[in-house]
Structures are given as C-alpha cells and as structure tokens.
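Have a look at the structure below, then the notes.
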Amino acid sequence: MPLRFFNTYSRQLEDFEPRDTGRKIAIYTCGPTVYSRAHIGNFRAYIFEDLLQRHLELRGYKVRRVMNITDVDDKTIRGAREAGIPLTESTAQFKEAFFEDIETLRIKRADEFPAATDQRYIDKMIEMIATLISRGLAYQAEDKSVYFRINKFPNYGKLAHFDLTQLQSTGRVKHDEYDKEHIGDFALWKAWDEEDGDVGWESPWGRGRPGWHIECSAMATALLGDQIDIHCGGIDNIFPHHEAEIAQTEGVTGKKFVRYWLHCAHLLVDGQKMSKSLGNFYTLPNLLEKGYTGREIRYALMRVHYRAPLNFTWEGMNEARESLARIDEWLTRLRETAAKRTGKEKNKTQPGQQFEQALDDDLNISAALGFLFESIRETNRAMDENELDAATATEWLNWWERVNSVLALEPVQESVSVIISTSGVEGKAAVGSGRVIIEEAIPPDVARLAEARAQARLAKDWRKSDELRDELSARGWEARDTKDGQKVTRRAGG
RNA sequence: GGCGGCGUAGCCAAGUGGUAAGGUCGCGGUCUGCAAAACCGCUAUUCGCGGGUUCGAUUCCCGCCCCCGCCUCCA
C-alpha cells in the first residue's frame, strides 16, 4: 500500500507521489512567531510534523525540511517596545526558548530555520513583490503599503474553499486599511509607522517591513525551490496565510507551489481552542513544573490523529504516563529475556508490519499504537509462560528500534535492575536503553537499604520490609519481590 | 450567513456493508506475607437523533441536532 495523505487542497486522501523519484522530498513547515513562549498547542503541530518526517524517513525518503521563524510582525514589535528592549534582543530569548522546548519534546530539528529579518530573505521578498507589481498582481496604496490584488489571481480562495464575495469581516482586525481595493487584499509590504520605532528596511516603496505571508513564500522558494512536496501547518493557517502563500508564490513563479497541504487540528482546553488570546494555554515549562516529562507530553500530544481535535486534560497526561510505563516495563523485560541464552527455540510471536502500515494511511497513529500495545500484551504473555526465547526477544527489540525511530519515546534513563538476596548482590542484570548491556553499580545507600530489606524479609519482619521499600521508592528505586529474590529497579525516566 | 471538522464505553480512541482494535480507569481472579509488574476475566446487544437503501448499516444516502474551528493576529 502506498503512503497516502489527506490533502487540504482537494479535501481528499491522495496517494503520495513526490516530485523527485530519487526519494528526496522537500517539506516546509510554518514555525513560531517569537513574541512569547510557544504553548503546547503550537507544539502539537510541530509534533505532528515531526511524526510525518520520521515516518517518511522510516519509509526511505530523504527529507529536507525548513521551518521559518517569524521574528518581525505587530506582536514582536509591540512586545519589544513594551519590554523596552531592541526587537532582536526580544526575539532572541524566545527563539532560544523555542529550541529548548523542541529538544525537550524530541522534535527533530529542521534542516534550516530561516528568520524573516535575515537580509537575504528581505531582499528576496522585495524582489518577489516587485515582480508581483510588474505583473499587475500587486499595487501600492495611498497609505504607502503594498497589497496583493486578489481579484487578479483566479485561484485565490481555492485552498480554503472560500467564495471571495462572501468574505465577511469578523471585526477582529483593525479597520485601518481603507486604501485597499478589495477587503481581501493582503499586505505584502507594510509601510513604516511610528509604532514601528527603529524597525524597518528600505525598499522601492519606502521604509517598511514585510507582510507576514510573503516571508514564507520567499524563504520556502529560496531554500527549497519553486515547488515543494509538502507544506504543513495548523488548521488556522489555511486561511489567509497559506492561501496568500499560494497566490504570491505562484504569482511570481507561474508554477504549482505545493503538492500536498497537510494541516493539523487544534489542541483544545475544556473544549475550546488553546490560544494566547483566550489565555487558556500551557507552556512546556508549566507542565514540566507539574512533574511531567518531555516524553510524557510528547506522547500525550501525539496519540490522537493529527486531523482530529485533541482535548488537553490532566487525565490525558496521566494516561500518557501510564501507557509509557507499560512500554518501559515491556522493554526492560524484553532486554532481560534477550540477555538470557536458553538455546531453545520457542518463538510464539513475530513482529508484524501493521505499525508502519497504519502510519502509511495518513499517519493513523491510533491504529499504530493499538498494534504496538497488542504486541506488548502478546509478548508479555509469551514471556510469562517462558515461551519467548532470547533470539525472538532480540527480534522484538529490533522491531522496537524501528517503531521508536518514529515515536521517539525511548526512556532517557537506563533502567537498572539488580537482584539482591541475603548474601548481597547476587546477580547483576543491568539493562541499558540501547543494545549494549551496561554494567552499572547501584548507589551505596540503595544497596544498603536493599540488603537490609533482604535481611528483614528473611526474618519475616514485614513491617520493616515495607518501610524499606518506601525508602527505596523515595530514592527513585522500586523493590519487587520475585521468585529469584528481591529485584531493585531504578525507575525509567525521560 | 459561508466554509470545514467532530459526535463510538467513566475518559481517550481505531475501525469495517455482516455484526465493535487499543490505551486509561474501575471491579474480580492467578502470583505475592502484602504489594508492584505481568497475565486472565468482567465493563458499548451498541456506535448523536430521525428517516431511507439493503437479506443486513456504526459503516452508504437524505434530513436534523450538538460541539469546535476558519471567514484577513493565530499551530
């Protein structure tokens, strides 16, 4: 089955056929506007894009991805002015925060993160605007700003499926644009005004700054060429942003700009869109402070199909935590089983292809995870019954490597287990997160507690045994009593 | 008003013209001194509502309702 994606342009599932038969594909993803810390709703979109890239790579595509950073617009200028610092200083701190956050969430870095204020792209934007004006697709109005003339671009409205005569103002935008020929004409170049302070660039139309939409057209074509395979963003970017990008870019190049438009649904809070303006948002540090890890947040934001709205709840966060614990436990067991050489071949289970096949189908993550958890139950059952040999366990671990190359949910910290009996440390089964078995000594205080507990258990002093288990737990180590003795495990984290 | 999306167990959620994956939570059991983990069992005669097509619809068609988003700040 070929890969297929839901293309916003056609509103249909389409087989994925990239331009380059050599499997190189170009993806452009709309990045953050760095006027404040991004919230986790923003990151839902970036995690979706990360899943997309990772799955394409698993399927053998060579992905070149660009994510822009919008570092000049009304909000960034206002933010800097209110903070009393230069624009570049203000945006720099939020850029830094953004990179921290994507690392915490294990989002692969794009190949390029072009910034709108880079002179190279300002020049490109000016060049594009000049071309649009020369073709009658843009004009400079009385207010000195340059606007795109949407009536001259017949396809305008096609992506959003809007009938331009029906466009209705929601009153959210200041009506200061009386000079436009059509209410739908959008700014390509915004003339400087006092509120802009020292922010501005010289252009053939006077001092000003780029409109929001043109930056993406310029950066996308500068870095990826006139035609790209996939363009992603949040569903709220469809109109006007992506609609405008098509008009500007195709207005200049005369070629079809994007083959597949993929848009991610919103993250909701209490059934409403998470947004800065509503104030119902959480940032990554907000959740980290509550004790959730990056991978737990990643899982929580990733587990629902990207085109379905996802309601953010604390219950959902805990569900993510428990689900990951199940995966961690399974990995630990598999690694222990893989380390044992029994010589007997008793495979009952074999990894299947359903995981990646589910993702082939418009990134059906729920079906993919469903198969993962089914596999976990089946292999656990086989291990319970001692019917899964080391070779099979290794096969499953190799399968997990593939799965994890897409999910990126491996626990960061190795889980270390030590069997302790009355005679001290008996067997050492240290299990690392990679393929390599790591020998790691347990901390002296943990060893002391565990040994004391073993003694208490020998004396059937259950109360003391339970107290010591609590103490170990407080240090992040879990004591479990198995038929081989007490097993002490450092909880996996990450 | 226009456009788009959603509605499946307490919660999250997959799915198919032939009788409901998976996760989480809860309950019961195996194991355990007790736990934990794992496994087993139970938990939607039913898929927003009303019609229609069909031998049969959650799945297709028509109508309606709810909620959410976009309609020039937004992932």
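Each chain gets a letter, A, B and so on, in the order the sequences are listed, and its residues count up from 1. These numbers come from a predicted model, not from an experiment.
On the C1' atoms, B:C27 is 22 Å away from B:A20, given to the nearest whole Å. Taking atom P in both B:A38 and B:G22, the straight-line distance is 16 Å, to the nearest Å. Annotation: B:A21 and B:U16 have their P atoms spaced 13 Å apart (nearest Å). Atom C1' of B:U32 sits at a distance of 11 Å from the matching atom of B:A37, rounded to the whole Å. With both ends at atom C1', the span from B:C42 to B:A36 equals 22 Å, rounded to whole Å. A gap of 12 Å separates the P atoms of B:G18 and B:A57, to the nearest Å. B:G10 and B:G69 are spaced 26 Å apart, taking the P atom of each and rounding to whole Å. Using atom P as the reference point in both B:G2 and B:C65, the two lie 12 Å apart (nearest Å).
Distance, A:Leu359 CG to B:A14 C1': 13 Å, rounded to whole Å. If you measure from atom CZ of A:Phe281 to atom P of B:C73, you get 19 Å, rounded to the nearest angstrom. Distance, A:Gln272 CD to B:C68 C1': 9 Å, rounded to whole Å. Separating the CH2 atom of A:Trp261 from the C1' atom of B:G5 is a distance of 19 Å, rounded to the nearest angstrom. Here the P atom of nucleotide B:C73 and the CE atom of A:Met274 are 22 Å apart, to the nearest Å. At whole-Å resolution of the value, CD in A:Glu374 and C1' in B:A20 are 14 Å apart. Here the P atom of nucleotide B:A35 and the NZ atom of A:Lys464 are 23 Å apart, to the nearest Å.
Residues A:Ala45 and A:Cys264 approach most closely at CA-SG, 3.8 Å, considering heavy atoms.
Contacts of A:Ser323 with the nucleic acid, taken as non-hydrogen atoms under 4.0 Å apart, involve only primed sugar atoms and P, OP1 or OP2. Counting any heavy atom pair closer than 4.0 Å across all strands shown, A:Glu243 reaches no nucleic acid atom. Among the atoms of the strands shown, base atoms are found under 4.0 Å from some heavy atom of A:Gly41. When heavy atoms are screened at a 4.0 angstrom cut-off, A:His39 is found touching base atoms of the nucleic acid. As judged by a 4.0 angstrom heavy-atom cut-off over every strand, A:Thr8 is placed among residues making no nucleic acid contact. Residue A:Ala160 is classed as a sugar-phosphate contact, given heavy-atom separations below 4.0 Å to backbone atoms only. Contact annotation for A:Arg333: backbone-only contact, meaning every heavy-atom pair under 4.0 Å involves sugar-phosphate atoms and none involves a base. Using a 4.0 Å heavy-atom distance criterion, A:Leu267 is classed as a base contact. A:Met383 comes within 4.0 angstrom of no nucleic acid atom, judged by non-hydrogen atoms across all strands. When heavy atoms are screened at a 4.0 angstrom cut-off, A:His161 is found touching the sugar-phosphate backbone but no base atom. Using a 4.0 Å heavy-atom criterion, one finds that A:Asn42 contacts the bases of the nucleic acid, with or without backbone contacts as well.
Remark: B:G1 base-pairs with B:C71; criterion is Watson-Crick or G-U wobble with both hydrogen-bond distances under 3.5 Å. Summarising the base pairing, B:A38 is matched to B:U30 through a Watson-Crick or G-U wobble pair whose two defining distances lie under 3.5 Å. Applying the Watson-Crick and G-U wobble criteria (two distances, each under 3.5 Å), B:C60 pairs with B:G52.
Between A:Lys487 and B:A37 there is no side-chain N or O to OP1 or OP2 distance below 4.0 Å. For the OP1/OP2 pair of B:C40 and a distance below 4.0 Å, the side-chain nitrogens and oxygens of A:Arg381 include at least one atom meeting the criterion. Of the side-chain N and O atoms in A:Arg303, none sit less than 4.0 angstrom from OP1 or OP2 of B:G23. Distances shown here put a side-chain N or O of A:Asn364 below 4.0 Å from the OP1 or OP2 atom of B:G15. Here A:Arg326 reaches the OP1 or OP2 of B:C39: one of its side-chain N or O atoms lies under 4.0 Å away.
Taking every side-chain heavy atom of A:Phe239 into account, B:C70 is the closest of B:G22, B:C70, B:U24. Picking from B:G22, B:A38, B:G69 the nucleotide with the shortest atom distance to the side chain of A:Phe373 gives B:G22. Between B:C70, B:G4, B:A36, one nucleotide has an atom nearer to the side chain of A:Lys273 than all others, and that is B:C70. The nucleotide whose nearest atom lies closest to any side-chain atom of A:Ile150 is, among B:G69, B:C11, B:U72, B:U72. Nearest nucleotide to the side chain of A:Arg480, out of B:C39, B:A13, B:A35: B:A35. Comparing B:C34, B:G4, B:A21 by their nearest atom to the side chain of A:Arg11 picks out B:G4. With distances taken from any side-chain atom of A:Pro240 to the nucleotides B:A36, B:U72, B:A13, the minimum falls on B:U72. Across B:A38, B:A14, B:G33, the shortest atom-to-atom separation from the side chain of A:Ala367 is found for B:A14. Among the nucleotides B:A35, B:G69, B:C25, the one closest to any side-chain atom of A:Glu322 is B:C25. Minimum atom distance to the side chain of A:Val304 is reached by B:C12, of the listed B:C71, B:C12, B:G33.
Within the cation-pi definition used here (under 6.0 Å to the ring centroid, within 45° of the axis), A:Arg402 does not qualify as a partner of A:Phe355.
Below 30°, between 30° and 60°, or above 60°: for A:Phe312 and A:Tyr282 the angle between ring planes is between 30° and 60°, a tilted geometry. Between A:Phe98 and A:Phe113, the ring planes are perpendicular. Angles over 60° get that label, and only those under 30° would be called parallel. Aromatic ring pairs are classed by plane angle as parallel below 30°, tilted from 30° to 60° and perpendicular above 60°; the pair A:Phe281 and A:His39 is tilted. Ring planes of A:Tyr147 and A:Tyr139: tilted class, angle from 30 to 60°.
Residue A:Thr313 is the one, among A:Thr313 and A:Ile40, whose nearest nucleotide of RNA chain B lies closer to the 5' end (criterion: closest heavy atom). Residue-to-nucleotide proximity on RNA chain B shows that, of A:Tyr46 and A:Phe6, the 5′-proximal contact is made by A:Phe6.
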Assess whether side-chain hydrogen bond (donor to acceptor under 3.5 Å, both in side chains) is satisfied between A:Ser36 and A:Lys276, documenting all intermediate values.
-> CA-CA 9 Å; A:Ser36 70; A:Lys276 296 272 174 65; 2.7 Å; yes

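Judged by distance alone with a 3.5 Å cut-off, no donor-acceptor contact links the side chain of A:Asp236 to the base of B:C73. Under 3.5 Å, the side chain of A:Glu315 and the base of B:G10 form at least one donor-acceptor pair of N or O atoms. Below the 3.5 angstrom threshold, one finds a donor paired with an acceptor across the side chain of A:Glu319 and the base of B:G23. Residue A:Arg469 places a side-chain atom within donor-acceptor reach of the base of B:C34, judged by atom type and a 3.5 Å distance cut-off alone.
Of the inter-residue distances, the one linking A:Asp73 atom CG with A:Lys190 atom NZ reads 7.5 Å to the nearest 0.5 angstrom.
If you look at A:Phe257 and A:Tyr28, their ring centroids are not closer than 6.0 Å.
No option in A:Asp71, A:Thr76, A:Val199, A:Thr91 other than A:Asp71 meets the side-chain contact (heavy atoms from CB on, under 4.5 Å) test with A:Thr117.
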